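What follows is a structure written as structure tokens; I'll ask about it next.
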Amino acid sequence: MRRTAPESHGPVRYGPPLPDQGLPVPQELRSVPAAAADRFAAEPFGGGPVLRDAAGGYWTRRGLRAAPDRVAAAPGAPALLLALTGALGGDLLVPRPCAAWWAPQARLLGRSVFHVATPAECGGVPDPYALLETVRRVRAEGGDPRLLLLSVADDPTATVAPPEMVHEAVEAAAGEGLHIVSDETWRDTLHRPQDTVLLSPAEMLPDDVVVITDLAGAFLPQGWPAAVARFPDNDAGASLRSRVLDVLTVLGARVAEPVAAAAAYVLDEPAAVADRLTAAVRLHARVAEAVYHVVSGAGAVVRPPQAGRHLYVDLGPLRSALAAHGVGDAQDLEDWLSVRLGMPAPGGHRFGDDLAALRVRLGTGPLLGSTDEEREESLASPSPLELPHVHRALTLLESAFDDLRDDARRRESPR
């Protein structure tokens with residue numbers, strides 16, 4: 001298989017975006033930035049009082065009290081993480097795999113990034129023993145690990161870390177004096193919120209943990225970049241927030257006024273926003289479950305999805321069948337599977353995983369339809385999997401994975 005030019009690939013320059021919602025923007029949300037389009041005053045760096053007050057209310061409703069002067073906003077979570085990394089200094093520790101946009105922020109600043117293995121039960125948080133060993137090794141080699149970035153509702157694995165895992169990881173990090181940043185972009189997309197317990201590290205250590213949330217996870221389209229950060233309510237938190245605002249100012253990274261209006265609107269969570277989010281999460285959960293059964297039935301390894309609009313699939317058991325298509329690593333798999341499925345299938349190497357491992361992230365958004373009318377129909381339907389356009393998309397997916405399964409079986413050595 002002919003590989004495209006190597007410079008066109010790689011997680012630093014070409015990391016995949018967050019899994020797309022695959023749904024049109026509702027009319028009531030479209031009207032909010034339109035009403036703010038004629039405002040001439042620029043939104044302050046770190047967000048204006050209306051946006052910060054809305055963010056404070058959003059976190060307070062989730063048990064994380066946040067005064068407006070302990071909140072900062074930026075045009076997307078990558079800008080916030082870049083500012084945090086610059087303000088804190090030192091090297092960055094992240095779980096393997098992790099969100100594609102985490103490591104490039106540190107590398108851009110010339111900082112080292114160290115990946116830590118995750119427990120078998122979930123992604124998003126490091127195994128505590130592996131974390132302690134990594135910190136010890138990095139320090140012994142002259143490194144300066146200062147910041148642990150984790151995600152209890154994870155991209156790319158779509159898992160939710162059990163509270164006991166979060167406790168152990170956070171206690172290990174705090175014991176080593178690490179700063180902790182919790183990316184909670186996906187916390188509002190739990191597939192079974194009544195059955196899943198999500199514990200924020202900030203609930204454990206409210207005076208030591210910074211929480212960041214990209215609103216493209218649950219609330220806003222990706223084309224309207226906005227993210228918010230919650231800082232500890234103490235002198236150290238106030239000082240860190242001030243340094244982050246300095247970096248955002250140097251970068252010129254402020255939320256556009258119309259987007260800030262939309263962000264404040266959704267963070268207030270009026271009934272229309274809450275109802276739409278509930279329906280969207282339910283739809284993606286149903287489609288994700290269907291995809292899970294397709295890929296696991298074909299022999300691939302995948303954890304049951306618990307949050308978000310994606311799954312993380314290991315096609316290692318189908319390696320022999322994939323080799324016949326010239327697929328030998330994650331980049332080959334990304335190239336081949338994206339064409340075969342007609343949808344993005346970013347390889348695991350983009351999430352800090354081993355290039356040799358045959359892993360990909362599959363999103364559910366592309367399966368909801370190809371037009372706004374089809375996507376709205378998917379959202380409104382009580383049985384979206386039975387709609388012709390969704391059924392066709394899932395059938396194409398099933399056909400691709402069933403072909404791989406059958407090829408792998410034919411290539412098995414006789415017993």
Side-chain angles (χ1 to χ4, degrees), residues 18-36 47 50-66 68 71 73 77 152-153 155 158 160 182-200 202-203 211-230 255 258-289 305-310 364-365 368 372 375-384:
L18 296 179
D20 189 64
Q21 293 187 20
L23 296 169
V25 181
Q27 184 56 49
E28 64 271 14
L29 181 55
R30 295 182 196 181
S31 65
V32 177
V50 174
L51 175 53
R52 289 187 286 110
D53 185 65
Y58 164 84
W59 273 309
T60 298
R61 290 189 295 275
R62 285 155 180 78
L64 300 173
R65 194 179 71 82
V71 173
V152 290
D155 171 23
V160 177
S182 178
D183 176 9
E184 299 183 9
T185 293
W186 300 101
R187 70 167 296 153
D188 296 299
T189 65
L190 302 186
H191 294 180
R192 295 179 176 84
Q194 304 304 320
D195 302 325
T196 306
V197 178
L198 185 148
L199 175 68
S200 169
E203 295 179 64
V211 179
I212 58 176
T213 298
D214 196 310
L215 300 187
F219 295 106
L220 291 179
Q222 291 187 21
W224 302 3
V228 287
R230 174 196 177 273
V255 184
V259 176
Y265 171 75
V266 297
L267 286 169
D268 280 336
E269 298 179 285
V273 170
D275 292 346
R276 175 85 172 193
L277 177 58
T278 298
V281 170
R282 183 170 56 243
L283 170 61
H284 282 285
R286 289 176 177 175
V287 176
E289 183 178 13
Q306 297 174 287
R309 304 183 286 266
H310 52 284
T364 52
L368 305 183
D372 283 353
R375 296 172 188 127
E376 284 288 358
E377 186 180 9
S378 298
L379 185 64
S381 173
S383 305

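All figures in this text were calculated on a predicted structure; none of them were measured in a lab. When a residue number appears, it is its place in the shown sequence, counting from 1.
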Distance, nearest 0.5 Å, that separates CZ of Arg375 from CG of Leu283: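 The CZ atom of Arg375 sits 12.0 Å away from the CG atom of Leu283.
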Determine whether Leu267 and Leu51 make a side-chain contact, defined as any pair of heavy atoms from C-beta on separated by less than 4.5 Å.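 The answer is yes, as the side chains (C-beta and beyond) meet within the 4.5 Å cut-off.
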Applying side-chain contact (heavy atoms from CB on, under 4.5 Å) to Val281 and Leu190, what does each step give before you reach the verdict? CA-CA 7 Å; Val281 170; Leu190 302 186; over 6 Å; no
Which distance, rounded to the nearest 0.5 Å, do you find between the CH2 of Trp59 and the CZ of Arg187? 10.0 Å
Grab the two heavy atoms, one from Val273 and one from Val266, that are nearest each other, plus how far apart they are.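 Heavy atoms only, the tightest pair is CG1-O, 4.0 Å.
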Please check if the side chain of Ser381 supplies one atom and the backbone of Ser383 the other of a donor-acceptor pair under 3.5 Å. yes
Between Gln306 and Arg192 (side chain of the first, backbone of the second, donor and acceptor by atom type, cut-off under 3.5 Å), is there such a pair?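 Pair absent, no side-chain N/O of Gln306 close to backbone of Arg192.
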Do Asp188 and Tyr58 have side chains that approach each other closer than 4.5 Å (heavy atoms only, starting at C-beta)?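 Yes, close enough: below the 4.5 Å cut-off.
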Extract all donor-acceptor atom pairs below 3.5 Å that involve side chains of residues 19-29 and protein atoms in other chains or at least two apart in sequence.
unit_1 : atom_1 : unit_2 : atom_2 : d
Asp20  : OD2    : Gly22  : N      : 2.9
Gln21  : NE2    : Leu220 : O      : 3.2

Return the set of residues passing side chain to side chain donor-acceptor pair (under 3.5 Å) with Asp183 (not counting sequence neighbours), or none when no residue passes. Trp102, Thr185
Test: salt bridge (charged side-chain N to carboxylate O under 4.0 Å, His left out). Region: residues 259-270. Which pairs qualify, not counting sequence neighbours?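 Output for this query lists Arg61-Glu269, Arg62-Glu269.
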Hey, does the side chain of Arg230 reach the backbone of Val71 with a donor-acceptor pair shorter than 3.5 angstrom?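 The answer is no, because no donor-acceptor pair under 3.5 Å joins these two groups.
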Heavy-atom closest contact (Arg30 atom, Pro33 atom, distance): O-CD, 3.4 Å
Locate the shortest heavy-atom distance separating Val259 from Pro225; write the atom from each residue and the value.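 Here Val259 and Pro225 meet closest at CG1-O, 3.6 Å.
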Can you sort out the partners of Ala158 under side-chain contact (heavy atoms from CB on, under 4.5 Å), two or more places apart, ordered by chain and number? Pro305, His310
Heavy-atom pair of closest approach, residues Trp186 and Gly217: CZ3-O, 3.5 Å
Would you indicate whether the side-chain heavy atoms of Leu199 and Val152 approach each other to under 4.5 Å?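 Sidechains of Leu199 and Val152: no contact.
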Looking only at heavy atoms, which two atoms of Gly308 and Thr189 are closest? And how far apart?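 Scanning both residues, the minimum pair turns out to be N-OG1, 2.9 Å.
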By side chain to side chain donor-acceptor pair (under 3.5 Å) - contacts of Thr364 (at least two apart): His284
Has the side chain of Thr196 got a donor or acceptor atom that lies under 3.5 Å from a matching backbone atom of Pro193?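 Not confirmed, Thr196 side chain does not pair with Pro193 backbone.
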Are His191 and Val160 packed together at the side-chain level, in the sense that at least one heavy-atom pair is separated by less than 4.5 angstrom?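 The answer is no, as the side chains (C-beta and beyond) never meet within the 4.5 Å cut-off.
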Tell me the closest heavy-atom pair linking Val50 and Ala264, and the distance in Å.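 In this case the closest contact between Val50 and Ala264 is CG1-CB, 4.0 Å.
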Under the salt bridge (Lys or Arg N to Asp or Glu O under 4.0 Å) rule, collect the residues that match up with Arg65, sequence neighbours excluded.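 Once residues adjacent in sequence are excluded, the partners of Arg65 under the salt bridge (Lys or Arg N to Asp or Glu O under 4.0 Å) criterion are Asp233.
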Short side-chain to backbone donor-acceptor contact, Glu203 and Ser200, under 3.5 Å: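 Here the side-chain-to-backbone pair exists.
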How about Val228 and Ile212: do any of their side-chain heavy atoms sit closer than 4.5 Å? no
Using modelled atom types only, decide if a donor and an acceptor are shared between the side chain of Ser378 and the backbone of Leu368 within a distance under 3.5 Å.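 Yes, because the side chain of Ser378 sits within donor-acceptor range (under 3.5 Å) of the backbone of Leu368.
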